[in-house]
Amino acid sequence: MDRRVEMNDDISPVLKICVWVLLALVVAPLVVPVLMSVSDTPFITFPPQGFTTEWYGKVLTDAEAQGTFLFSLKLAGVVTLISLILGVPCAAGLVRYDLPGQGLILGLILSPLIVPLIVIGVALLQTFAMLGSRATFAQLVIGHTVVCLPYVIRTVSGSFVLVNRSLEDAASVMGASPLTVARRVVWPQVRPGICAGGIFAFIVSFDDYPISMWLADGRNFPVPLFLHSMIERSFDPSIAAMAALMIFFALLLVLMIEKAFGISLARLIS
């Protein structure tokens with residue numbers, strides 16, 4: 001504890017200012033739509049004029065908005081589950097085994113983090129068109145998984161790197177089965193990384209626009225596309241209210257994970 005206090009005292013004022021400026025740049029775009037969503041004017045204005053929550057009521061009672069939210073929730077849940085099923089074993093294998101061409105494999109897996117999403121969306125659209133696929137939901141699941149999987153692998157890989165292998169060896173020597181070692185020794189150490197990867201995958205899928213823009217249709221319509229259609233139809237504060245609800249939902253998801261698993265936000269970020 002004293003060491004942490006001492007380290008904080010050693011931080012230069014310039015570094016503190018840089019941290020606060022960076023924090024302001026990150027938080028400001030999130031605060032603006034929240035403020036605009038409570039304006040009582042019939043059009044979006046900033047700074048907001050007056051105060052009202054009627055725009056939230058308009059969005060929450062809209063049947064189309066409810067349908068798109070439930071669809072995005074379902075899509076993000078399926079994508080997160082698939083990403084974890086594929087990503088956790090992949091991360092463990094990349095960290096624990098020396099595979100031929102491991103660097104190339106890792107580069108290909110993480111390439112969606114570098115390649116522009118709109119390029120990936122066009123490529124997926126052309127691929128599905130050549131295959132003659134008409135299963136829109138399956139296409140969205142595949143497209144979102146391609147984008148979300150690198151987040152899971154990257155995050156979980158960091159957790160596996162920090163696993164204390166000597167504890168596994170000690171448990172095995174004491175007669176623990178491989179399943180027991182995985183459940184009682186490895187899982188507590190990698191759980192924060194897996195939960196963080198799942199959160200990233202869910203939020204990225206829920207908020208994804210570039211992939212959904214190319215693969216969605218009228219019956220499979222995620223929230224970001226609905227928000228875009230709202231902007232085209234009318235430019236009132238209900239748009240800001242929809243954006244604010246998406247921000248609140250992401251924060252609520254992180255807090256629920258923290259309470260359910262007892263994982264602090266600092267550990268998820270680290």
Side-chain angles (χ1 to χ4, degrees), residues 22 26-27 29-30 71-97 99 102-124 137-163 186-187 189-216 222-225 246-258 260-261 263-270:
L22 181 60
V26 172
V27 174
L30 304 179
F71 175 78
S72 289
L73 204 62
K74 173 185 173 183
L75 176 62
V78 173
V79 170
T80 301
L81 181 61
I82 295 176
S83 298
L84 289 174
I85 291 174
L86 298 177
V88 173
C90 181
L94 290 172
V95 170
R96 297 189 165 223
Y97 302 100
L99 304 173
Q102 187 170 3
L104 178 61
I105 295 173
L106 185 60
L108 290 174
I109 292 174
L110 299 182
S111 60
L113 297 177
I114 303 173
V115 179
L117 294 181
I118 192 168
V119 175
I120 297 176
V122 172
L124 289 171
F137 182 76
Q139 294 175 14
L140 285 169
V141 169
I142 294 173
H144 283 210
T145 302
V146 168
V147 175
C148 295
L149 189 59
Y151 289 93
V152 174
I153 293 176
R154 193 66 177 173
T155 307
V156 177
S157 295
S159 295
F160 274 105
V161 168
L162 300 176
V163 168
V186 178
W187 166 246
Q189 298 182 74
V190 300
R191 183 180 64 178
I194 293 176
C195 291
I199 291 174
F200 285 139
F202 188 94
I203 293 176
V204 169
S205 175
F206 190 86
D207 293 341
D208 179 82
Y209 177 82
I211 303 297
S212 301
M213 177 183 66
W214 295 103
L215 302 179
V223 168
L225 296 184
M246 294 175 67
I247 295 171
F248 295 149
F249 177 73
L251 293 175
L252 178 62
L253 178 65
V254 174
L255 293 176
M256 287 174 60
I257 293 294
E258 179 183 3
F261 293 96
I263 302 171
S264 66
L265 298 181
R267 288 196 67 187
L268 287 177
I269 298 173
S270 63

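Note that the structure is a prediction, hence the values are computed from the model and not measured.
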Exercise: identify the closest heavy-atom pair between [X] and [Y]:
X    : Y    : result
Q189 : S159 : O-CB, 4.4 Å
P222 : A216 : CD-CB, 3.9 Å
L225 : M213 : CD2-CA, 3.8 Å
A201 : V152 : CB-CG2, 3.9 Å
P112 : L117 : O-CD2, 4.1 Å
A196 : T155 : CB-CG2, 3.7 Å

Taking the side chain as C-beta and beyond, is there a heavy-atom pair between [X] and [Y] under 4.5 Å?
X    : Y    : result
V146 : I211 : no
F160 : V186 : yes
S212 : L140 : yes
L124 : Q139 : no
L73  : F249 : yes

Would you list the atom pairs, donor with acceptor, under 3.5 Å between side chains in residues 76-90 and any protein atom, with sequence neighbours excluded?
unit_1, atom_1, unit_2, atom_2, d
T80, OG1, A76, O, 2.7
T80, OG1, F202, N, 3.3
S83, OG, V79, O, 2.8

From [atom1] ([X]) to [atom2] ([Y]), nearest 0.5 Å:
X    : Y    : atom1 : atom2 : value
W214 : I120 : CH2   : CD1   : 13.5 Å
I247 : L251 : CD1   : CG    : 7.5 Å
L94  : I105 : CG    : CD1   : 7.0 Å
C148 : I153 : SG    : CD1   : 11.5 Å

Query raised in the report: What orientation do F137 and F71 show, parallel under 30°, tilted 30 to 60°, or perpendicular over 60°?
Result: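 Plane angle over 60°, so perpendicular.
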
